[in-house]
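A quick write-up on the structure given underneath.
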Number of protein chains: 2
Amino acid sequence: MHLLNDNLGTVMRISELARRAGMSAHTVRYYEKVGLLTPSQRTESNYRVYNKDDVITAEFIKRSKECGFSLSETASLLAIKNDKSQHVCAEAKQITQTKIIEIAAQIENLKKMQNTLTELEAFCCGGQESAEFCSIISSLEQET
Amino acid sequence: MHLLNDNLGTVMRISELARRAGMSAHTVRYYEKVGLLTPSQRTESNYRVYNKDDVITAEFIKRSKECGFSLSETASLLAIKNDKSQHVCAEAKQITQTKIIEIAAQIENLKKMQNTLTELEAFCCGGQESAEFCSIISSLEQET
DNA sequence: TTTGACCTTAGATGTTACTCTAAGGTTTAT
DNA sequence: ATAAACCTTAGAGTAACATCTAAGGTCAAA
């Protein structure tokens with residue numbers, strides 16, 4: 001069963017959906033396995049068939065990930081998107097605020113590392129001298 | 001065979017080492033499995049026995065992790081520490097510089113996410129209104 | 001002597017998010 | 001007609017870093 005002639009441009013198979021959303025077909029199947037993205041139908045030969053809404057959902061997942069949301073947070077956001085009338089803004093805002101705080105903490109932590117590393121780097125000669133007195137190594141050996 | 005009376009304070013078993021280095025005994029065994037931290041000896045009953053050098057090594061691993069180094073990078077640093085005369089400062093500095101660049105990239109990425117999320121958050125009313133027109137959800141649905 | 005804290009091992013499990021493989025069936029174009 | 005490109009499944013593998021379990025052995029103190 002072919003589908004391109006029946007619904008030109010409106011339905012597609014997995015590769016095309018993957019291409020449009022900027023992910024691999026493998027990943028699309030994985031998202032289906034974890035319940036994020038189910039094809040709207042199947043062909044007679046059991047091929048997955050996606051429509052425009054599925055493309056929007058796939059792109060939604062992509063953007064959500066780019067914003068730093070995990071797949072399970074993305075699932076929560078998708079639940080809101082898929083049944084908007086049963087959800088309120090406060091829910092989406094809550095998820096977003098929690099993530100903002102989480103990311104701020106991650107940034108803080110990385111900055112601390114960055115400061116430590118920059119100090120370590122600054123003190124090390126970095127030359128062909130023996131590591132016997134390397135300041136990086138000795139700093140890691142004990143509190144100073 | 002007991003050991004505390006023989007070498008008071010200088011040798012210890014796994015729990016004590018773990019306590020001093022601020023990690024679990026499980027983790028210490030895991031570090032041994034991946035080749036990072038081998039006990040200097042064993043008792044007759046096959047208990048692991050650690051000495052002061054092992055404590056330094058354990059703390060080294062802990063600090064290295066706190067600086068953001070992976071276990072495999074930590075292994076490289078430990079190799080330098082354990083045979084300093086055969087290594088030069090340049091090696092330690094190289095590892096450090098690479099990590100600094102890596103962390104800087106991570107921070108950049110998180111900041112981008114933070115900006116996006118902050119914008120999303122600012123536009124959302126966050127109230128008990130239906131999510132029908134939620135700006136967070138609709139932003140994720142399509143490029144605007 | 002017996003309780004409780006500690007130790008041993010190999011190996012299973014968990015997390016997150018994929019990524020790939022094997023072995024085969026389908027579709028399209030030439 | 002046949003080759004290339006696509007699709008299917010279950011399930012294994014990857015990375016990084018542990019964390020836990022089962023089944024048992026050891027040790028110190030009351």
Side-chain angles (χ1 to χ4, degrees), chain A residues 1-8 11-39 41-50 58 61-76 78 99 102-103 106 109 113, chain B residues 1-6 8 11-39 41-50 54 58 61-62 64-76 78 99 102-103 106 109:
Chain A
M1 178 201 174
H2 58 125
L3 41 84
L4 293 182
N5 292 350
D6 297 345
N7 288 291
L8 197 60
V11 297
M12 67 205 77
R13 287 183 305 196
I14 195 167
S15 291
E16 175 64 9
L17 175 90
R19 194 192 59 71
R20 292 204 197 181
M23 52 184 70
S24 73
H26 276 307
T27 300
V28 174
R29 282 189 209 98
Y30 173 72
Y31 286 163
E32 179 175 348
K33 194 162 77 180
V34 299
L36 289 182
L37 180 56
T38 308
Q41 38 168 322
R42 294 272 185 151
T43 64
E44 283 163 19
S45 54
N46 206 32
Y47 283 17
R48 291 169 177 83
V49 176
Y50 299 93
I61 297 169
K62 188 93 192 297
R63 292 197 199 95
S64 175
K65 288 221 65 213
E66 284 165 3
C67 288
F69 293 113
S70 68
L71 292 191
S72 105
E73 289 158 344
T74 298
S76 303
L78 267 178
K99 180 55 62 176
E102 196 183 308
I103 290 183
Q106 285 175 34
N109 192 31
M113 291 176 182
Chain B
M1 177 200 174
H2 58 125
L3 42 85
L4 293 182
N5 292 349
D6 297 345
L8 198 60
V11 298
M12 68 206 77
R13 287 185 302 199
I14 194 165
S15 292
E16 176 63 9
L17 174 90
R19 195 193 59 71
R20 292 206 198 181
M23 52 182 72
S24 72
H26 276 305
T27 299
V28 174
R29 283 189 208 98
Y30 172 71
Y31 286 165
E32 179 175 348
K33 193 162 76 177
V34 299
L36 288 181
L37 179 55
T38 309
Q41 36 167 323
R42 294 272 185 151
T43 64
E44 283 163 19
S45 55
N46 205 32
Y47 284 16
R48 292 169 176 84
V49 176
Y50 299 94
D54 296 326
I61 296 170
K62 188 93 192 295
S64 175
K65 288 220 67 211
E66 284 165 3
C67 287
F69 292 114
S70 68
L71 292 190
S72 103
E73 288 157 345
T74 298
S76 303
L78 268 178
K99 180 56 63 177
E102 195 183 308
I103 290 183
Q106 284 175 34
N109 191 32

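Here is the naming used below: chain letters follow the sequence lines, and residue numbers restart at 1 for every chain.
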Using atom names, set out every protein N or O paired with an N or O of nucleotides 2-6 of chain D below 3.5 Å, distance rounded to 0.1 Å.
none

Checking dC17(D), dT9(D), dA17(C) against the side chain of N46(A) (C-beta onward), the nearest is dT9(D)
Short side-chain N/O contact from S45(A) to OP1 or OP2 of dT27(C), under 4.0 Å
yes
Roughly, in whole Å, what's the span from CZ in R42(A) to C1' in dG25(C)?
14 Å
Nearest-Å distance, CD1 (I61(B)) to C1' (dA18(D))?
14 Å
Side chain proximity check, Y50(A) to V11(A), heavy atoms < 4.5 angstrom
no
Could you state the atom-to-atom distance from CD of E102(B) to P of dA15(D) in whole Å?
16 Å
Between dG25(C) (P) and E44(A) (CD): distance, integer Å
18 Å
Indicate the atoms forming the closest heavy-atom contact of D54(B) with L37(B), along with that distance.
O-CD1, 3.8 Å
With a 4.5 Å limit on heavy-atom distance, are the side chains of R48(B) and L17(B) in contact?
no
If you define the side chain from C-beta out and look only at heavy atoms, does anything of Y30(B) sit under 4.5 Å from L71(B)?
yes
dT9(D) phosphate, OP1 or OP2, under 4.0 Å from R48(A) side-chain N/O:
yes
Using only heavy-atom distances, determine whether the side chains of S70(A) and E73(A) contain a donor-acceptor pair under 3.5 Å.
yes
Report yes if some heavy atom in the side chain of M23(A) is under 4.5 Å from a heavy atom in the side chain of V28(A); otherwise report no.
yes
Within residues 22-33 of chain A, the residues having a heavy atom closer than 4.0 Å to DNA chain D are R29(A)
Side-chain donor/acceptor of K99(B) to backbone N/O of G68(B), under 3.5 Å:
yes
Rounded to the nearest angstrom, tell me the gap between atom CG in L17(A) and atom C1' in dC7(D).
14 Å
When we call it a touch if two heavy atoms are under 4.0 Å apart, what does S70(A) touch: a base, just sugar-phosphate, or nothing?
sugar-phosphate
Determine, for R29(A) against E32(A), whether the closest basic-nitrogen to carboxylate-oxygen distance falls under 4.0 angstrom.
no
If the condition is salt bridge (Lys or Arg N to Asp or Glu O under 4.0 Å), which residues does E16(A) pass it with, not counting sequence neighbours?
R19(A), R20(A)
Please give, in whole Å, the distance from dA17(C) C1' to L36(A) CG?
11 Å
